[in-house]
Amino acid sequence: MTRLDRYFLPTEKQPPSDAEAISHKLMVRAGLIRQVGSGLWSWLPAGWRVHQRIVQIVREEMDRIGGQEMLMPVLHPAEPWRRTGRIAIDELFKLQDRKGADMVLAMTHEEIVTLHAAQSVRSYRDLQKILYHFQVKERDEPRPRAGVLRTREFIMKDAYTFDRDQAGLDENYAKHITAYDRMLERCGLEWYRVESDVGMMGGTGAHEYMAPCAAGENEVALAPGYAASVEIASATPQPVDLPPPLDEPELVPTPGLTTVEEVARSLGVPDGAVLKAYPIMAVDRGLILVLVRGDHRVNEIKLRNQLKEDFRPAREDEIAERIGPPGFIGPVGVDVPILLDEAVGDGGYITGANRPDHHLRGVEPGRHFPFERADVRRVEEGDTLAGHPIRIETAIEVGNIFKLGTRYSEPLGATYLDEKGQTQAIVMGSYGIGPARIAAAAVEQFADERGISWPRAIAPWDVELVGLGRYGTEERALAERLYEELQATGLEIVYDDRDAGPGEKFADAELLGVPLRLTVGKRTIASGELEVQIRRGQETRSVPLEGAAPAVAELWRTLP
RNA sequence: CGGGGCGUGGCGCAGCCUGGUAGCGCACUCGAUUUGGGGUCGAGAGGCCGCCGGUUCGAAUCCGGCCGCCCCGACCA
């Protein structure tokens with residue numbers, strides 16, 4: 001029951017000057033959020049209603065798969081974070097209490113929830129469990145951006161599963177996939193579930209839930225029956241016309257030409273006929289020369305996963321000493337292991353000659369240099385999968401699910417005894433979803449030039465009733481009456497009873513994005529018809545005033 | 001962390017180069033008028049010009065330092 005006359009809904013005509021993302025601009029303009037500091041946001045009453053609606057959907061779906069809601073603190077002793085090694089993460093806020101004890105602010109809750117399991121789980125009979133909570137996360141982000149899309153403090157629903165073995169984890173993981181699919185479907189988002197990198201969390205498998213939109217920070221590779229984060233995606237490369245290999249590589253002068261484009265143009269071959277050399281220094285194996293086609297890029301995440309160890313780009317002095325002059329390096333005749341991307345086929349390639357201002361022509365992998373093969377390139381728009389071209393979309397990550405395995409249970413001593421009396425590590429999974437990002441993604445996906453257009457499931461209200469005319473008029477009395485009748489349908493109604501002009505009320509209603517807008521004015525009385533605007537698409541309809549409330553409720557149920 | 005930019009009433013901006021009275025639009029208050037697309041007229045209130053220091057008779061303006069915020073990139077359990 002909301003009357004705007006007294007509601008804290010500070011709308012703005014102009015967006016913040018420094019805002020770029022649509023959701024940032026509109027959520028501020030519509031009076032949903034306000035900035036407190038870099039990456040720190042308050043949710044104003046209408047915005048919080050959206051957040052709470054999303055939270056409730058998430059809660060219902062978690063409970064449906066047997067999740068048990070609890071609450072863990074934000075402020076933690078540093079000790080468990082030392083044990084898992086995550087104390088070293090730069091994004092982790094660290095502080096001391098008045099006694100000088102080291103503390104951290106939780107960026108997620110694996111450590112604490114695992115400690116609880118370690119304390120209380122004794123036997124295989126105590127498993128499995130799904131525990132979750134909605135709690136604030138604190139992350140010292142290097143660069144907060146785009147309103148609530150990337151913040152230093154946010155609420156996340158994080159769930160943790162505890163199982164006796166991989167099969168149990170797989171089962172719980174599958175349950176979370178169904179729960180997450182349902183959550184996003186119910187929220188009305190356009191979304192994809194994509195395979196993803198396991199990242200710093202370690203583990204044995206992961207998916208991300210992605211909502212495509214312009215302000216997204218992630219990229220998703222899509223093809224019929226395929227969806228993967230670009231971080232790990234693989235595809236069939238576009239073919240390239242290659243000159244034949246030569247018996248012996250031919251030295252060609254390329255003075256000052258250090259980029260693939262320059263070399264290819266100068267020699268009259270496509271970019272893909274040049275081999276791009278990417279020297280890296282791996283932690284264990286040392287210097288390695290990675291080669292990809294000139295029209296491709298190295299994907300560092302795939303490369304790291306292939307190497308199974310960390311690496312950094314080699315320094316110029318390391319390159320000059322072991323390989324050749326930077327800008328003209330290549331695989332022929334060097335004493336460095338070579339990792340050749342799978343997209344490099346048979347034919348005569350152009351490579352650096354390892355001497356200044358020269359390249360080699362007609363170089364064939366295998367014949368002229370030894371190599372180890374691996375898929376380490378970033379997929380590109382136009383690559384194919386089973387004959388279908390892939391497309392790449394930007395998206396924001398709204399949720400993710402991980403098979404953790406024993407990454408946390410081992411260091412924190414979360415074990416159980418099996419039937420044979422053997423001590424076993426608990427097998428865990430973790431599952432996160434961010435209501436704020438879901439809200440922002442919905443704004444991004446459905447906004448138009450007039451403002452926000454909420455999916456009905458997460459709108460701050462179901463119906464906005466605009467009362468025109470001055471206080472005390474007949475039309476206002478009608479609006480009041482209608483307000484009461486609408487309440488009775490069970491819908492959540494916001495009533496614009498402010499003493500403001502019609503233009504301002506219409507503009508604010510469309511900015512706020514409630515799915516249905518009802519207008520009550522003199523015309524309504526004269527015609528006996530109530531005007532209903534469907535926010536998405538701005539289609540206008542009339543319903544008879546008599547029985548209007550149930551008719552509106554019926555219409556509302558048909559909306560996306 | 002690298003690059004770029006910005007801090008002036010609540011919001012959006014001008015003024016700064018070339019030192020001297022802080023200004024505009026919207027919002028706000030009061031009165032009148034207006035009520036189906038941000039209407040009109042009149043009268044008002046509101047500003048440590050981010051902070052500290054320096055130069056100067058005088059600093060929003062010039063110089064130095066600091067802080068904050070944004071954008072691009074790197075990074076992102």
Side-chain angles (χ1 to χ4, degrees), chain A residues 10-21 24-25 28-29 31 34-40 81 84-93 104-111 137-147 149-152 154 156 158 160 196-203 206 208 215 217-218 229 231 300-301 312-313 396-397 399-402 404 407-408 430-432 434 450-451 466-476 479 496 498-511 517-527 529-531 533 538 540:
Chain A
T11 57
E12 300 286 345
K13 274 189 186 175
Q14 286 161 318
S17 60
D18 46 26
E20 289 291 322
H24 182 186
K25 291 179 184 173
V28 171
R29 283 190 56 212
R34 281 293 183 272
Q35 185 165 20
V36 174
S38 178
L40 302 171
W81 291 78
T84 60
R86 292 211 299 172
I87 192 85
I89 293 174
D90 291 333
E91 281 75 22
L92 185 67
F93 278 106
V104 306
L105 296 177
M107 59 194 306
T108 163
H109 283 78
E110 278 83 2
E111 277 80 0
K137 303 289 178 269
E138 304 282 353
R139 293 181 189 182
D140 196 356
E141 288 285 349
R143 187 153 109 72
R145 61 177 289 275
L149 276 184
R150 183 161 214 89
T151 57
R152 294 197 291 176
F154 59 96
M156 178 173 174
D158 40 325
Y160 305 92
S196 70
D197 185 50
V198 293
M200 273 171 76
M201 298 281 288
E208 288 171 340
E217 300 183 291
N218 301 83
S229 166
E231 292 181 344
E300 297 196 1
I301 291 169
R312 61 169 170 80
I396 85 181
E397 181 187 342
N400 54 33
I401 56 180
F402 277 91
L404 289 175
R407 163 73 179 84
Y408 294 90
S430 85
Y431 315 83
R450 303 253 182 135
V466 174
L468 299 179
R470 318 179 84 165
Y471 291 132
T473 58
E474 201 185 339
E475 56 267 32
R476 281 299 184 107
D496 191 348
R498 294 175 300 173
D499 183 19
E504 194 176 341
K505 292 183 178 183
F506 292 144
D508 273 356
E510 283 153 1
L511 177 60
R517 187 190 77 197
L518 312 184
T519 308
V520 175
K522 281 183 186 150
R523 269 190 215 169
T524 319
I525 296 173
S527 66
E529 296 276 317
L530 178 66
E531 180 190 294
Q533 186 209 52
Q538 293 180 294
T540 299

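Chain letters run A, B, ... following the sequence lines, proteins first and then strands; every chain starts at 1.
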(request) Answer yes or no: does a side-chain N or O of A/Arg143 lie under 4.0 Å from OP1 or OP2 of B/C72? (result) yes

(request) Please state how far atom CG in A/Leu468 lies from atom P in B/G37, giving the value in whole angstrom units. (result) 9 Å

(request) Describe the nucleic acid contact of A/Arg476 in one word from base, sugar-phosphate, nothing, applying a heavy-atom distance below 4.0 Å. (result) nothing

(message) Tell me which nucleotide, if any, is Watson-Crick or G-U wobble paired with B/C28 when both distances must be under 3.5 Å.
(response) B/G44

(message) Using a 4.0 Å heavy-atom cut-off, does A/Pro10 contact any base of the nucleic acid, only the sugar-phosphate backbone, or nothing at all?
(response) nothing

(message) Strictly by Watson-Crick or wobble contacts shorter than 3.5 Å, is anything paired with B/A74, and which nucleotide is it?
(response) none

(request) Just compare B/A74, B/G37, B/C69 and give me whichever is closest to any side-chain atom of A/Pro142. (result) B/A74

(message) Of the options B/U35, B/G38, B/C70, whose atoms approach the side-chain atoms of A/Asp499 most closely?
(response) B/U35

(request) Taking only the side-chain heavy atoms of A/Gln533 (C-beta and beyond), determine which of B/G37, B/C71, B/G38 contains the nearest atom. (result) B/G37

(message) Over all strands shown, is A/Ala509 touching base, sugar-phosphate only, or nothing at heavy-atom distances under 4.0 angstrom?
(response) nothing

(request) For A/Ala19, report the nucleic acid contact type (base, sugar-phosphate, nothing); a contact means any heavy atom under 4.0 Å. (result) nothing

(request) Using atom CD of A/Glu217 as one end and atom P of B/A74 as the other, report the distance to the nearest whole Å. (result) 11 Å

(message) Give me the distance, rounded to whole Å, that separates B/G15 from B/C6 when you measure between the C1' atoms they each carry.
(response) 16 Å

(request) Describe the nucleic acid contact of A/Thr524 in one word from base, sugar-phosphate, nothing, applying a heavy-atom distance below 4.0 Å. (result) base

(message) Applying the Watson-Crick and G-U wobble criteria at under 3.5 Å, what pairs with B/C57? Answer none if nothing qualifies.
(response) B/G20

(message) Without decimals, in angstroms, what is the distance between A/Arg523 CZ and B/G37 C1'?
(response) 10 Å

(message) Without decimals, in angstroms, what is the distance between A/Asp496 CG and B/U35 P?
(response) 18 Å

Pairwise N/O distances under 3.5 Å, protein to nucleotides 39-44 of chain B:
none

(message) Just to be sure I understand the rule, does A/Asn400 reach a base, reach only the sugar-phosphate, or reach nothing, if contact means heavy atoms closer than 4.0 Å?
(response) base

(request) Step by step, work out the salt bridge (Lys or Arg N to Asp or Glu O under 4.0 Å) result for A/Arg86 and A/Glu110. (result) CA-CA 10 Å; A/Arg86 292 211 299 172; A/Glu110 278 83 2; 3.1 Å; yes

(request) Please report, rounded to the nearest Å, how far the C1' atom of B/C26 is from the CG atom of A/Leu511. (result) 15 Å

(request) Would you kindly compare A/Gln14 and A/Gly39 by the position of their nearest RNA chain B nucleotide and give the one closer to the 5′ end? (result) A/Gln14

(message) Looking at B/G37, which nucleotide sits across from it as a Watson-Crick or G-U wobble partner, both distances under 3.5 angstrom, or is there none?
(response) none

(message) Tell me which nucleotide, if any, is Watson-Crick or G-U wobble paired with B/C49 when both distances must be under 3.5 Å.
(response) none

(request) For the residue pair A/Leu149 and A/Glu217, establish whether any side-chain heavy-atom pair is separated by less than 4.5 Å. (result) no

(request) For A/Arg152 and A/Glu138, indicate whether the former's side chain and the latter's backbone hold a donor-acceptor pair under 3.5 Å. (result) no

(message) So does A/Pro10 get a backbone contact from the side chain of A/Arg34, meaning a donor-acceptor N/O pair under 3.5 Å?
(response) yes

List every contact pair, protein side and nucleotides 3-10 of chain B side both N or O, where the distance is under 3.5 Å.
none

(message) Treating A/Gln35 as the side-chain partner and A/Gly37 as the backbone partner, does any N or O pair qualify as donor plus acceptor under 3.5 Å?
(response) yes

(message) I need the CG-C1' distance between A/Leu92 and B/C75, as an integer number of Å.
(response) 16 Å

(request) Side chain of A/Arg470 only, please: which of B/U34, B/G37, B/C75 is the nearest? (result) B/U34

(request) Describe the nucleic acid contact of A/Arg34 in one word from base, sugar-phosphate, nothing, applying a heavy-atom distance below 4.0 Å. (result) nothing

(request) Could you tell me the separation between the CZ atom of A/Arg476 and the CZ atom of A/Arg470, rounded to the nearest 0.5 Å? (result) 10.5 Å

(request) Find which nucleotide of RNA chain B each of A/Ser17 and A/Gly503 is nearest to by heavy atoms, and output the residue with the more 5' nucleotide. (result) A/Ser17

(message) Measuring from the side chain of A/Arg145 (C-beta onward, heavy atoms only), which nucleotide among B/C71, B/C69, B/G37 has the closest atom?
(response) B/C71

(message) Without decimals, in angstroms, what is the distance between A/Arg152 CZ and B/C70 C1'?
(response) 13 Å

(request) Answer yes or no: does a side-chain N or O of A/Ser38 lie under 4.0 Å from OP1 or OP2 of B/C70? (result) yes

Would you give me the side-chain donor-acceptor pairs under 3.5 Å for residues 501-511 of chain A, sequence neighbours excluded?
residue, atom, partner, partner atom, Å
A/Lys505, NZ, A/Gly467, O, 2.6
A/Lys505, NZ, A/Arg498, O, 2.7
A/Asp508, OD1, A/Thr11, OG1, 3.2
A/Asp508, OD2, A/Thr11, OG1, 3.3
A/Asp508, OD2, A/Arg498, NH1, 3.2
A/Asp508, OD2, A/Arg498, NH2, 3.1
A/Glu510, OE1, A/Arg450, NH1, 2.9
A/Glu510, OE2, A/Arg517, NH1, 2.7
A/Glu510, OE2, A/Gln533, NE2, 3.0

(request) Looking at every strand, decide which applies to A/Glu510 at a 4.0 Å heavy-atom threshold: base, sugar-phosphate, or nothing. (result) base

(message) Can you identify which nucleotide, out of B/U35, B/G12, B/C69, has its nearest atom closest to the A/Pro16 side chain?
(response) B/G12

